[in-house]
Amino acid sequence: MYPLIELYEITDNLLKKFKYKHNLGEILSEITDTLEKIEKELTSKGYGKVWKELKENYDRISELKRKFNEVFSELSNYTSSEDVLSSIYPEIYAVLSREITDPDFAEETIREYMKRYENGDEEIGKVFREVSSMTLEGFKETLGKLGIWFDSFDWESSRKIRSLARKVIEEVEKLPYARREEGALLLDLDKAAMEHKFISELFGKDKPGKFIVQRSDGTSLYTTRDVAYSVYKFREYGAKRVYNVIAVEQTREQKQVKATLYLIGYKDEAEKLIHFVYEMVNLKGMRMSSRRGQYYSLDELIEDYKKVMVRTYVENQKRKYKSIESPEKLDIEKLNETFNKLAVASSRALLLSIDPSKVLTFDPRRLEEYGLGSWIIYTFVRIQGILRKAFNYEPLDNLEKINSDALKLYEKITNQLKDLDPVERELIETIQEYPSTLLEVYEYLKPNKLLEYANNLCIVLNKLYETLPVLGEKDPIRRNTRIILVLLSFIILKDLLEIMGFPLIKKI
RNA sequence: GGGCCCGUAGCCUAGCCAGGACCAAGGCGCCGGCCUUCGGAGCCGGAGAUCCCGGGUUCAAAUCCCGGCGGGCCCGCCA
């Protein structure tokens, strides 16, 4: 980054000095345009040969123009992210701009720290852990809002993983496909693919490439430690299968990790290492980039959703009662909790609404249009209302009782089933699809199918109690049939909401 | 330059792997109804699609094959 700025400043100063009105990009554009005209003229007049000679220079200028554009856009991104940083975190910005005066020196220092860290320098290790703990706390806080927690964390710097990483390097070095280039240890996977079907099939038409395992200064790379960590997960934890939930950008890297594992003797493990690929989340008309300070955080998403929930609630109350209940009658505490839960459900639904292999694009200014989560929760609340009246107790607090009561009901109506209404039949068909849906989700790693199924179930449910009376049905057999259908849907929906991590709500 | 993924109404998606009841389904938005006692964050109806383009295979293609175009990602000492 630093040389780019320097280059820009130099050219900019030069242009100013010579009082050029145009910037470098415009000048380059002009040159290439002129050259294009010249090409046409020359070839039309039969001077193709002359053009060929000129062409070489022309290409060089085009290349220069391309580079300039790259530099310029990078620079403007950089300055804008600097602005963002200085406005959001002025303290951090002040410290950084005071402390980092020479970027090269800063980078060198980082490298030095890395080396000491790698060699087990306890003092520097402590600093590293302190910093990562702080970020980790942030992660825990944000994800905690969504009900996500972690059983445990592994430190890459742990003695165990460090020694495994050293072992990986040793093992790789023994391989016939390994060699040193300028001090760095490199594993030639292209060569290995020619002799191992596993690797050639893993990469398909793609070139496996060369995999750097150790830097020339002797330190390991993230990827090396990833191999070591995989060994750790299988051997230390005794994992039967390992799912790495990692973004699509690292598809190739994950394959290289697999191939390396395979080559150093962990064949079985390599096959059981599964990369769960997911795509990025984009905002409508804006590319997210934390490096450039352009982002929309999960915390913001939850907060914004909460506002949408409050707005919807107020509107519904107004329509229902023509006015909002007086403040003293409202249990603000409880309402707030409900809005939080709805916001969590909505946020999770948004993230689950698309196949993980596709890019999710949404417009944060129109969150109310992505209300799938709250609509499912609402349906769940509604069918609980029906069951509560049917059985006279709280369904979610008496799951076993409701199951046995359902069986009793079923015994009463068995062999007496009457013709079913189309909507009832539709609901039964949907319920039947549940097991195969779960299997599909698991087999193809498509959690979005869970949400899709839940949505379908809710659509049919809404249709059912909108078109047919459940508790109001006079015929006892039909009535019981419908109660059982609602009950089954309730059990499935509860199951689904738990799998998807939606909070369970009894009443709104 | 090479590889992988994606391209379906104004918008977001399902269907594609295992071709057939798809003259393509759902949601958002739009238009018109229903303030029907189990909760109206609902229900019913309507308008809106060259399934990116062009070939091929087949009795049959959104789906399979080939070639384009457009977008994203990745291609050796970052994580």
Side-chain angles (χ1 to χ4, degrees), chain A residues 107 110-111 114 156 180-190 203-226 246-256 277 279-280 282 284 287 291 308-309 311-313 315-317 319-320 322 342 346 349-350 353-363 366-379 381-390 423 443-444 446 448-449 451-453 455-456 458-459 461-473 479 482-483 486 507-508:
Chain A
E107 253 179 57
I110 291 168
R111 225 167 285 143
M114 288 290 283
E156 249 181 41
R180 292 261 171 202
E181 255 180 41
E182 290 165 31
L185 180 61
L186 161 163
L187 179 59
D188 191 340
L189 292 175
D190 291 326
F203 286 89
K205 288 180 191 168
D206 196 11
K207 275 214 168 76
K210 275 102 182 162
F211 189 51
I212 303 276
V213 180
Q214 189 183 35
R215 290 195 190 91
S216 44
D217 66 0
T219 56
S220 66
L221 287 91
Y222 155 72
T223 43
T224 320
R225 298 190 292 271
D226 205 10
I246 300 176
V248 65
E249 291 94 300
Q250 297 201 43
T251 305
R252 188 189 174 80
E253 182 269 343
Q254 283 294 305
K255 284 183 184 171
Q256 292 178 329
V277 188
E279 255 291 356
M280 297 280 94
N282 277 351
K284 194 119 193 156
R287 173 122 192 86
R291 194 164 51 96
V308 172
M309 296 307 141
R311 218 179 301 138
T312 318
Y313 178 80
E315 273 166 26
N316 287 331
Q317 293 295 311
R319 198 190 48 231
K320 221 167 163 180
K322 304 282 185 235
L342 283 170
S346 302
L350 177 67
S353 67
I354 182 173
D355 188 307
S357 70
K358 293 190 186 180
V359 181
L360 169 66
T361 310
F362 73 98
D363 189 344
R366 306 207 303 185
L367 273 189
E368 64 278 2
E369 287 180 17
Y370 308 88
L372 202 50
S374 55
W375 131 262
I376 289 172
I377 293 287
Y378 193 83
T379 309
V381 167
R382 234 181 136 178
I383 59 175
Q384 284 181 81
I386 295 176
L387 294 173
R388 194 177 297 125
K389 278 203 172 168
V423 186
E443 213 171 313
Y444 295 102
K446 305 251 183 235
N448 57 308
K449 299 262 176 209
L451 183 73
E452 202 191 313
Y453 177 82
N455 182 35
N456 287 337
C458 289
I459 288 174
L461 272 170
N462 271 299
K463 236 192 259 180
L464 179 86
Y465 54 63
E466 224 28 76
T467 50
L468 302 169
V470 178
L471 300 178
E473 173 62 45
R479 184 176 186 267
R482 282 174 205 158
I483 291 176
V486 172
K507 290 177 186 176
I508 294 177

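Chain letters run A, B, ... following the sequence lines, proteins first and then strands; every chain starts at 1.
Note on A:E181: a base of the nucleic acid sits closer than 4.0 angstrom, heavy atoms only. Within the nucleic acid shown, A:L187 has no heavy atom closer than 4.0 Å to any nucleic acid atom. The residue A:L189 sits apart from the nucleic acid: no heavy atom pair falls under 4.0 Å. Within the 4.0 angstrom heavy-atom criterion, base atoms lie near A:V470. Contact annotation for A:K463: backbone-only contact, meaning every heavy-atom pair under 4.0 Å involves sugar-phosphate atoms and none involves a base. Using a 4.0 Å heavy-atom distance criterion, A:Q250 is classed as a base contact. Within the 4.0 angstrom heavy-atom criterion, base atoms lie near A:V381. Within the nucleic acid shown, A:D226 has no heavy atom closer than 4.0 Å to any nucleic acid atom.
In this structure, A:T467 contributes its side chain and A:K463 its backbone to a donor-acceptor pair below 3.5 Å. Remark: side-chain polar atoms of A:N455 are not paired, donor with acceptor, to backbone N or O of A:L451 under 3.5 angstrom. Judged purely by atom type and a 3.5 angstrom limit, A:R252 uses its side chain to pair as donor or acceptor with the backbone of A:K207.
Ranking B:G39, B:C73, B:G76 by closeness to the A:K210 side chain, first place goes to B:G76. Looking at the side chain of A:I508, the nearest of the listed nucleotides B:A41, B:C77, B:A14 is B:A41. Looking at the side chain of A:N448, the nearest of the listed nucleotides B:C43, B:A79, B:A14 is B:A14. Checking B:C78, B:C75, B:A14 against the side-chain heavy atoms of A:D355 singles out B:A14 as nearest. When each of B:A79, B:G76, B:A14 is scored by its nearest atom to the side-chain atoms of A:I212, the top-ranked nucleotide is B:G76. Relative to the side chain of A:K389, the nucleotides B:C74, B:A41, B:G39 differ in distance, and B:G39 lies closest. Considering only the side chain of A:K507, B:G39 comes nearest among B:C4, B:G39, B:A79. The side chain of A:L471 sits closest to B:C38 out of B:C75, B:G3, B:C38. Closest to the side chain of A:I386, from the set B:C38, B:C43, B:U13, is B:C38. Ranking B:A41, B:G76, B:A14 by closeness to the A:L186 side chain, first place goes to B:G76.
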Could you go through nucleotides 5-7 of chain B and list every protein N or O atom that sits under 3.5 Å from one of its N or O atoms, giving the distance for each pair?
| unit_1 | atom_1 | unit_2 | atom_2 | d |
| --- | --- | --- | --- | --- |
| B:C5 | O2' | A:S357 | O | 3.4 |
| B:G7 | OP1 | A:K358 | NZ | 3.1 |

Return the polar atom pairs (N/O with N/O) between nucleotides 26-34 of chain B and the protein under 3.5 Å, or none.
| unit_1 | atom_1 | unit_2 | atom_2 | d |
| --- | --- | --- | --- | --- |
| B:C28 | O2' | A:E369 | OE1 | 2.9 |

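The shortest side-chain heavy-atom distance between A:R479 and A:V470 does not fall under the 4.5 Å cut-off. Put simply, the side chain of A:R180 reaches to within 4.5 Å of the side chain of A:Q214, judged on heavy atoms.
Judged by Watson-Crick or G-U wobble contacts below 3.5 Å, the nucleotide B:C43 has B:G33 as its partner. Across all strands shown, B:G70 forms a Watson-Crick or G-U wobble pair, both distances under 3.5 Å, with B:C6. Base-pair partner of B:C16: not found among the strands shown (Watson-Crick or G-U wobble, both distances under 3.5 Å). Taking a pair to require two hydrogen-bonding distances under 3.5 Å in either a Watson-Crick or a G-U wobble arrangement, B:C64 pairs with B:G56.
Remark: A:Y378 is in phosphate contact with B:A41, judged by side-chain N or O atoms under 4.0 Å from OP1 or OP2. In this structure, A:N462 does not reach the B:G42 phosphate: none of its side-chain N or O atoms is under 4.0 Å from OP1 or OP2. For A:R215 and B:C78, the shortest distance from a side-chain N or O to OP1 or OP2 is below 4.0 Å.
In this structure, the side-chain contact (heavy atoms from CB on, under 4.5 Å) partners of A:E156, at least two apart in sequence or on a different chain, are A:Y222, A:R225. A:T224 meets the side-chain contact (heavy atoms from CB on, under 4.5 Å) test with A:V168, A:I169, A:V213, A:S220, A:L221; sequence neighbours excluded. Looking at residues two or more places apart in sequence or on another chain, you find no salt bridge (Lys or Arg N to Asp or Glu O under 4.0 Å) involving A:K358. Residues forming a salt bridge (Lys or Arg N to Asp or Glu O under 4.0 Å) with A:D217 (at least two apart in sequence, or on another chain): none.
Other residues, nucleotides and ligands contribute at most 12 non-hydrogen atoms within 6.0 Å of the CZ atom of A:R366.
Straight-line distance between the P atoms of B:G19 and B:U13: roughly 26 Å, to the nearest whole Å.
A:N448 and A:P356 make their closest contact through OD1-CD, 3.5 Å (heavy atoms, listed as atom of the first residue, atom of the second, distance).
Comparing A:K449 and A:F211 by the nucleotide of RNA chain B that holds the closest heavy atom to each, the one mapping nearer the 5' end is A:K449.
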